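Everything quoted here is computed from the prediction, not taken from an experiment. By convention in this document, chain letters (A, B, ...) are assigned in the order of the sequence lines, proteins followed by strands, and residues within each chain are numbered from 1.
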There are 2 protein chains.
Amino acid sequence: MEIEGDKIKHTPEACAGNIRPVKDALYVLSGKWKLPLIGALMDGPQRFNELQRFLGDITPKVLSKELRELELNEFVERKVFSTVPVTITYELTPYSQSVEKIIDELRKWGIEHRERIIKNRKSSTAA
Amino acid sequence: MEIEGDKIKHTPEACAGNIRPVKDALYVLSGKWKLPLIGALMDGPQRFNELQRFLGDITPKVLSKELRELELNEFVERKVFSTVPVTITYELTPYSQSVEKIIDELRKWGIEHRERIIKNRKSSTAA
DNA sequence: CTGCATCCTATAGGATACTG
DNA sequence: CAGTATCCTATAGGATGCAG
């Protein structure tokens with residue numbers, strides 16, 4: 001997994017070290033798909049194809065990779081059901097609940113941001 | 001700025017559209033430095049070099065680029081003071097406060113995550 | 001001090017085709 | 001259905017050096 005060492009040299013006073021946790025978090029969670037993927041799974045277990053449709057334009061290769069990584073980080077559990085044909089689902093682990101707040105904030109912000117942009121478009125068109 | 005169109009085709013029922021805002025947010029905020037940078041500025045106005053030291057290993061080119069983008073998105077204001085030599089500071093705009101919650105959550109999560117990893121290391125070493 | 005210009009590489013992620 | 005295998009490209013971001 002790798003967390004970068006404690007290399008940050010900050011002015012002793014200040015707040016400094018405060019950003020290290022942010023960088024730590026980003027190290028695991030950043031990328032185009034991880035958060036949206038977890039967001040998608042917040043609605044309950046999903047199958048591979050469901051996720052693919054859900055996310056809109058992710059390719060199987062990438063989806064597969066992202067799921068594997070999320071499994072390694074213990075955000076996601078892969079379950080195999082011995083139906084015919086076999087059914088496989090992905091679902092969030094209890095641990096991943098710790099990420100849900102981030103996603104909620106991101107979601108809220110995304111909504112506001114989109115509105116803001118639309119407003120700005122209007123007012124600049126009016127000029 | 002560009003927000004991707006409403007191309008997500010989700011099963012009509014489900015929750016689906018819920019992830020679009022997440023993707024919107026990520027479109028603007030993702031990358032290695034934007035969030036840490038805003039996090040750094042949460043402690044008050046900073047100068048170019050301060051930020052560079054603060055963030056640990058960002059190159060001037062990248063820092064410069066990130067700052068420009070944050071300025072465009074109205075998260076950051078660049079202020080020039082006519083001292084000799086000129087002093088330039090970067091500070092967060094009121095709008096960027098809307099992102100602070102995200103950063104706080106990220107920070108909290110980063111701290112927990114690091115602790116978790118350390119614990120796991122110990123227990124797996126014990127095996 | 002505050003950057004910009006140039007060059008360079010690693011990696012994320014897309015396209016396409018194929019398998020059990 | 002649930003992926004894997006290959007190939008390919010765009011882009012983020014690092015290294016270095018220079019400039020006002």
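Interface residues of residues 82-92 of chain B facing DNA chain C, ordered by number: B:I88, B:Y90; criterion, heavy-atom separation under 4.0 Å.
The CD-C1' distance, from A:E66 to C:dA12, rounds to 9 Å in whole Å.
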With the criterion being N/O to N/O and under 3.5 Å, what pairs connect the protein with nucleotides 6-11 of chain C, and how long is each?
residue, atom, partner, partner atom, Å
C:dC7, N4, B:K61, NZ, 3.4

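A donor-acceptor contact shorter than 3.5 Å links the side chain of B:E50 to the backbone of B:R47.
With salt bridges taken as basic N to acidic carboxylate O contacts below 4.0 Å, none links A:D57 and A:K32. A salt bridge does not link B:D104 to A:K101: none of the charged nitrogens lies less than 4.0 Å from a carboxylate oxygen.
The B:R78 side chain lies nearest to C:dT2 when the options are C:dC4, C:dT2, C:dG13. Distances were taken from every side-chain heavy atom of A:N49 (C-beta onward) to each of D:dC1, C:dT2, C:dA12; the shortest belongs to D:dC1. If you check C:dG14, C:dC4, D:dG14 against the side chain of A:W33, the one that comes closest is C:dG14. For A:P60, whose side chain is taken as the heavy atoms from C-beta onward, the closest listed nucleotide among C:dC1, D:dT4, C:dG3 is D:dT4.
Fit an axis to the five pairs at each end of the helix from C:dC1-D:dG20 to C:dG20-D:dC1 and the two axes sit 50° apart, to the nearest 10 degrees.
Here the side chains of A:R116 and B:Y95 are in contact, with some heavy-atom distance below 4.5 Å. Considering only heavy atoms from C-beta on, B:T89 stays 4.5 Å or farther from B:Q46 through its side chain.
Residue B:R68 places at least one side-chain N or O under 4.0 Å from the OP1 or OP2 atom of C:dC4. B:T59 has no side-chain polar atom (N or O) that falls below the 4.0 Å cut-off from OP1 or OP2 of D:dG13. Contact annotation: A:R47 does not reach the phosphate of D:dC1 (side-chain N/O to OP1 or OP2, under 4.0 Å). Look at A:K32 and you'll find a side-chain N or O under 4.0 angstrom from OP1 or OP2 of C:dG14.
A parallel orientation is assigned to the rings of B:H113 and A:F75, their planes being inclined by less than 30° (bins at 30° and 60°).
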